[in-house]
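Below is one structure, written out as structure tokens, with a few remarks after it.
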Amino acid sequence: MIHGHDDIPFFDDDDEPRKPAPRSGETSGQTGGLAARAMAARRAPEAPDYLTGLNPEQRDAVETIEGPLLVLAGAGTGKTRVLTTRIAHILASGRAYPSQILAVTFTNKAAREMKERIGILVGGAVEGMPWLGTFHSIGVKLLRRHAELIGLRSDFTILDTDDVIRLIKQLIQAEGLDDKRWPARQFSSMIDGWKNKGLTPELIPEGDARAFANGKGRELYKAYQDRLKTLNACDFGDLLLHPIQLFRENPDILKEYHRRFRYILVDEYQDTNTAQYMWLRLLAQRPGEDDGPLNICCVGDDDQSIYGWRGAEVDNILRFEKDFRGAKVVRLERNYRSTAHILGAAGKLIEHNDGRLGKTLFTERAEPDDDKVQVHAAWDSEEEARAIGEEIEQLQRRGELLNDMAILVRASFQMREFEDRFVTLGLNYRVIGGPRFYERLEIRDAMAFFRLTCQPADDLALERIINTPKRGLGDASVRKIHDYARARDIPMLAAAREMIDTDELKPKPRKALFDVVTQFTRWQELLETTPHTELAEIILEESGYTEMWQNDRSAEAPGRLENLKELIRSMDGFESMRGFLEHVSLVMDADQNEEMDAVSIMTLHSAKGLEFKTVFLPGWEEGLFPHQRALDESGRAGLEEERRLAYVGLTRAKRNCHIWFVSNRRIHGLWQSTMPSRFLDELPEDHVEVGETEVSYGGYGQSRFDRAAPFSNTYATPGWKRAQENRTDATRDNWGTRSGHAVERIGYGESGPRGRMIEGELVARSSEETASRFSVGDRVFHLKFGNGNIAAIEGNKLTIDFDKAGQKRVLDGFVTPA
DNA sequence: TCAGAATGATTTTTT
DNA sequence: ATCATTCTGA
């Protein structure tokens, strides 16, 4: 059953054959519980080490090796363990060589972790697993092998979003279009969306094509793809699309891979987008007998699908059984992470979603002392941060580690408040998922120098740094070089070299260009002879780039220099500069210092897959969570995804979970009153406790979390703002001709929570707002800031000089005449 | 060509 | 409020 080297002549990375390990005993039919586990152990005494300690479902998932298998792995049910053990099992039982297993993950982190854990299981004997990686890195590997078949050279560059946007902008301008009206950023994300759906320019829907650039969307997309080919470059989407095209157009090559990949494993299947799905289908389809059986195992959790907004299709996982005939489904519902209260709360919440495959997590843990999920209220976000800070300090005093605590927010702007507070308190914190190391300006600049040295055809790199540091080669000069290069169909660096001998440029830029071209020529020569770290230093030094930052007096400059040093240090581990560049384009990871004991602050999205003993979930308010924009843009589906996000948040907690909501939040500089999240009402009472709060402001209303809100609620959405602005514009003619935005809203009706709508249904909200009741100079009272005088009015926004708090801008709904 | 001023957009994030 | 990008005038 194992193909030897001869079968697959064009692969050069086959591992040496391994001695097949004895096959494990068969297990079947356990009915759960410890007894079953014990029975299983007794029945198969010869079971290899790695299988012991798995529960019956896990073991089923590991040992169901043949045929399609979907593992529905709830949060904290040992998903990674199953995946890695399964691979170990395939290897140890001699069913395949490491190189015959295709294992795909979404992030580099997950891939790394999996490699590590397989290493531990199999005793480190397995070198590599050459086909374990992200969809993208495997895509690159395929493309480098077969580049010429899709019109690239195998040393193609991978562009990052920055490059892509600059490139698109050029194309938009080249089309003679207004790049204001048609932002490159927007088009770039459209292309991204298409590529996520597996759509090449010919395939995009007519409507999409018309929606951009005066109907030139399709042409523009095509032009973009052409330009990439010319540049010998790929964007991230291409790393998925090109392999699909490759396989479709070259059945023989596809067949080779069919033979090669005996086993396919996919992690986080609920996050696959259409292109990834197509990619997988191509590899998993086995039309011929000699292609071998279809051994695909997808692991995922439909309840944790939170990336719909970037193209993930939950439907892929929901459809699995239909897609793969005879598929077996194993549910992992036994949770090893959280208390029964946390699971109870999370489970009840997620039940409000439709279209689930249906799982109910349970635990065998029975600790009567476990705390319920706590819900707390605060007046505003400042107080929320203060209270959470206090709670954290208290836990710390009790000897808890900060490393065991996390604050999970919906949107990153919420982090600021916590950071500020923790700085004041002197509390260590760590922000996870901020701007990545390789995305920083100075790193990108440095990389552009390196790229252009290694790849003289990398025009985008050239454009980035040709005038950095300032050399007097501004837009005009760059444009000339660009046009010259385009006209002759040569790379810009080559064009620049030629232009030194012409009088296209004025003497000053010409001299500058001569200098910089000469430098690159020199560095290219050094590439062969000088160690790459040394060369990197030389480049940064000679280009004047280091000097530029040394002369920079701004606060960030020293940090940037430090980052540059760090960049060079990190090159050490690579063979060559080229190897380093490849790594960077795909593995954009920054390292966090793990040693420090610190509270983690991150978004709910980046918390997926992590766990903490104590979790704080601030900001459970309508509009923020669920996020208004998710509701506006995706309606019910958006709401359900938000709910899954809440589910992810809750299930990160092992022991304690504290949810917070506030009644006033400042968004974009304006104070807004907020309503408690509908998700709070969806939590079951028996697992939730409403925490006592120092600052109470009236009792709870109909909803347990509802205070008697003295203010009309306001919304922060662009649409709502616009409506309000229109309103003020139209006050003169008394609403009559308000040029109409129909304000549609999900959730509460005009009478507040009492008039709650059916979830997710779009409902027109009647707008009964009156014109501002105030005029400049009025004396008013604000609950947070106290008394003050109105200094200015713009629409419904009041600028008020408060007696104590100074000048603030607030919405008029917040103040009452004093 | 560059610096300061206006403009605008601010969910979530990977690769 | 805040940040990034783009525009305008020197």
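Computed over heavy atoms, backbone and side chain alike; hydrogens, waters and symmetry mates excluded.
Of all nucleotides in DNA chain C, those with any atom nearer than 4.0 Å to a heavy atom of chain A start and finish, going 5' to 3', at C:dA1 to C:dC7.
A:His605 meets the ring pair (Phe, Tyr, Trp, His ring centres under 6.0 Å) test with A:Tyr307, A:Trp309; sequence neighbours excluded.
B:dT12 atom P lies 19 Å from atom CG of A:Leu639, rounded to whole Å. To the nearest angstrom, P of B:dT15 lies 12 Å from CG of A:Leu239. If you take CG of A:Asp192 and P of B:dT13, they are 15 Å apart, rounded to a whole angstrom.
Between A:Lys197 and A:Asp192 no salt bridge is recorded (no basic side-chain N to carboxylate O distance below 4.0 Å). For A:Arg644 and A:Asp303, the salt-bridge test fails: no basic side-chain N is under 4.0 Å from an acidic carboxylate O. Ion pairing of A:Asp271 with A:Lys608 is present here, as a side-chain N (NZ or NE/NH1/NH2) and a carboxylate O approach within less than 4.0 Å.
Note on A:Gly472: only backbone sugar-phosphate atoms sit closer than 4.0 angstrom, heavy atoms only; bases stay farther off. Residue-level contact check: A:Ser189 touches neither bases nor backbone, having no heavy atom under 4.0 Å from any strand. Residue A:Leu408 is classed as having no contact, given no heavy-atom separation below 4.0 Å to the nucleic acid. Contacts of A:Lys506 with the nucleic acid, taken as non-hydrogen atoms under 4.0 Å apart, are absent.
Between A:Arg144 and A:Asp155, the closest heavy-atom pair is NH1-C, 3.6 Å.
Set against B:dC2, B:dT15, B:dT1, the side chain of A:Thr107 has B:dT15 as its closest nucleotide.
At a cut-off of 3.5 angstrom, counting only N and O atoms as typed in the model, there is no donor on one side facing an acceptor on the other between the side-chain of A:Arg310 and the base of B:dT12.
The side chain to side chain donor-acceptor pair (under 3.5 Å) test with A:Arg665 is passed by exactly one of A:Glu382, A:Glu417, A:Gln672, A:Glu384: A:Glu384.
Under the stacking criterion of a centre-to-centre distance below 5.5 angstrom and an interplanar angle below 30°, A:Trp309 sits stacked against the six-membered ring of B:dT12.
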